[in-house]
J.: 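One structure follows; several queries about it will come next.
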Amino acid sequence: MKPGVNTSRRDFIRNGSIMAGALVISPALLAAAGASPVKKLGIALVGLGGYGGGQLAPALQQTQNCYLAGIVTGTPSKAEEWSKKYNIPQKNIYNYQNFDEIAKNPDIDIVYVVLPVSMHKEYTIRAARAGKHVICEKPMALNAADCREMIAACKKANRLLSIGYRLHFEPHNMEAMRLGQKNVLGKVTVIDTGNGFVYTGDPNAWRLKKALAGGGGLMDMGIYAIQAARYTLGQEPIAVKATQEKTKPELFKEVDETVFWELKFPGGQKVTGKSSYNNNWGYLRVTTEKGKFDIEPAYGYDGIDGHINGKPMNLPNINQQAAQMDDFATCVRLNKTSRVPGEEGEKDMKVIDAIYRSLDSGKWEKIG
Ligand code: NAD
């Protein structure tokens, strides 16, 4: 556990009036409020790759309302390694063939799908049918129609569905929501946002295969920039026009490299965005009637920094994944819709679907 993380979490809670929504309700508080029985809910991670292993499993060592109870993996050596490292009993370890047997396991309350995008729909639906609540990673699915099927399956099974949108629990991004949605500096007039990194990984990875990833930098990184515009305004865009650039066609044979877009919102604000697998971007810049605010870097796991009219926001960096999973565990306990439900994932995918249509048509495309 990083000492800095604890300190900043404590400061965050002390500071916290504007961000009361980010506070996690501890089992002790719930017990005091008469909500019982209080136990940490069990999460099973499906997919033990970079994000599951590098971020979510460590975050689950810091959570108060949930813990790493099980894993689903196709690799026996990983099962053994994780079992030892995180003290996971054999009875809570599944593979992709026997996954549905998880239905009979009372230790698992929540299944967290951390697989390539093309597999999100199948595993979300199978988890809900097995009677488990579900967190599904972003982007929620290959397209908005698949998102709707996932939402319907979870509703039918009477299970809660949430998307791994950690930034909705991140103090600087929450401050952007407050400033923009409440017109704190007057109405927002202009938003410019971008997100991307220079891809230097395996040229054969799933991220570069259209069938597995759905798309490239737009699906993977642009989704943060799109939702930042949506949550800064608290409105839904109605149309989009997009263009793209490809400087490495051999690497990005199947998926987009760099995409630029302009979004039309009902309030007429000027909103531009861009995504890339070939540029290091990560910012949100907002102009309002009476000032400006920005977050840069805006979308990483740590090191997020923001300014209001040039002065520092002075907000802490927290473990976003721990806050996100603790909040969902509380939602499950209280049977309350998450602040990032499946519908939120569907809204971003509607915008992404329209961006791809615009790249094909060269014209403005309606969203939804
Ligand atoms: P990864 O490639 O590192 O891991 C993918 C996992 O899926 C691996 O364990 C792999 O073994 C497993 N897998 C099962 N079937 C597979 C198949 N047919 N092909 C490839 N892998 C298969 O990917 P990742 O970076 O961990 O991403 C997983 C998901 O998490 C994606 O949806 C991604 O967008 C999301 N993600 C979210 C964040 C975030 O900040 N919220 C960050 C990184 C990744």
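Computed from a predicted structure; not experimentally measured. For ligands, and for the atoms within them, numbers begin at 1 and follow the listed sequence.
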J.: Starting from the C-alpha separation in whole Å, work towards a yes-or-no answer on side-chain contact (heavy atoms from CB on, under 4.5 Å) for K132 and I110.
T.: CA-CA 5 Å; K132 305 303 174 185; I110 297 163; over 6 Å; no

J.: Going by atom types alone, do D256 and Q244 pair a side-chain donor with an acceptor below 3.5 Å?
T.: no

J.: Is the shortest side-chain N to carboxylate O distance from K350 to E236 below 4.0 Å?
T.: no

J.: Strictly under 6.0 Å, is that where the ring centroids of H307 and F293 end up?
T.: no

J.: So which heavy atom in the protein is nearest atom 25 (O) of ligand 1, and how far is it from that ligand atom?
T.: R207 NH2, 2.9 Å

J.: To which protein heavy atom is atom 4 (O) of ligand 1 closest, and what is the distance rounded to 0.1 Å?
T.: G49 CA, 3.3 Å

J.: What's the shortest distance from atom 28 (C) of ligand 1 to any protein heavy atom, and which residue and atom give it?
T.: V114 O, 3.3 Å

J.: Taking NZ, NE, NH1 and NH2 as the nitrogens, is one of them in E175 or R178 under 4.0 Å from a carboxylate oxygen of the other?
T.: yes

J.: Just to confirm my output: which protein heavy-atom neighbour is closest to atom 26 (O) of ligand 1, and how far is it?
T.: Y51 N, 2.9 Å

J.: Is atom 42 (C) of ligand 1 close to the protein, meaning a heavy atom under 4.0 Å from it?
T.: yes

J.: Between D220 and K138, does any side-chain N to carboxylate O distance fall below 4.0 Å?
T.: yes

J.: Does V117, backbone or side chain, put an N or O under 3.5 Å from an N or O of ligand 1?
T.: no

J.: Is it the case that ligand 1 has an N or O less than 3.5 angstrom from some N or O of L212?
T.: no

J.: Who's closest to atom 23 (O) of ligand 1 heavy-atom-wise, of Y165, Y96, Y112, W206?
T.: W206

J.: Give me the nearest non-hydrogen protein atom to atom 16 (C) of ligand 1 as residue plus atom name, then the distance to 0.1 Å.
T.: M119 SD, 3.8 Å

J.: Does the side chain of N65 pick up a donor-acceptor pair with the side chain of T330 at under 3.5 Å?
T.: yes

J.: Which of these, K138, E137, Q55, has its nearest heavy atom closest to atom 33 (C) of ligand 1?
T.: K138

J.: Heavy atom under 4.0 Å from ligand 1: found in L115's side chain, backbone, both, or neither?
T.: both

J.: Output yes when the distance from some N or O of ligand 1 to some N or O of G50 is under 3.5 Å, and no in every other case.
T.: yes

J.: Taking NZ, NE, NH1 and NH2 as the nitrogens, is one of them in K91 or D107 under 4.0 Å from a carboxylate oxygen of the other?
T.: yes

J.: Among protein heavy atoms, which lies nearest atom 11 (O) of ligand 1, and at what distance?
T.: K78 NZ, 3.9 Å

J.: Report yes if the distance between the aromatic ring centroids of F99 and Y123 is under 6.0 Å, otherwise no.
T.: yes

J.: For ligand 1, does Y224 get within less than 4.0 Å through its side chain, its backbone, both, or neither, judged by non-hydrogen atoms?
T.: side chain

J.: Considering heavy atoms of the protein only, find what lies nearest to atom 40 (O) of ligand 1 and give residue, atom and distance to 0.1 Å.
T.: R166 NE, 2.7 Å

J.: Any ion pair linking E81 and K85 (charged N to carboxylate O, less than 4.0 Å)?
T.: no

J.: Out of A211, C136, P116, G214, who gets a non-hydrogen atom closest to atom 7 (O) of ligand 1?
T.: P116

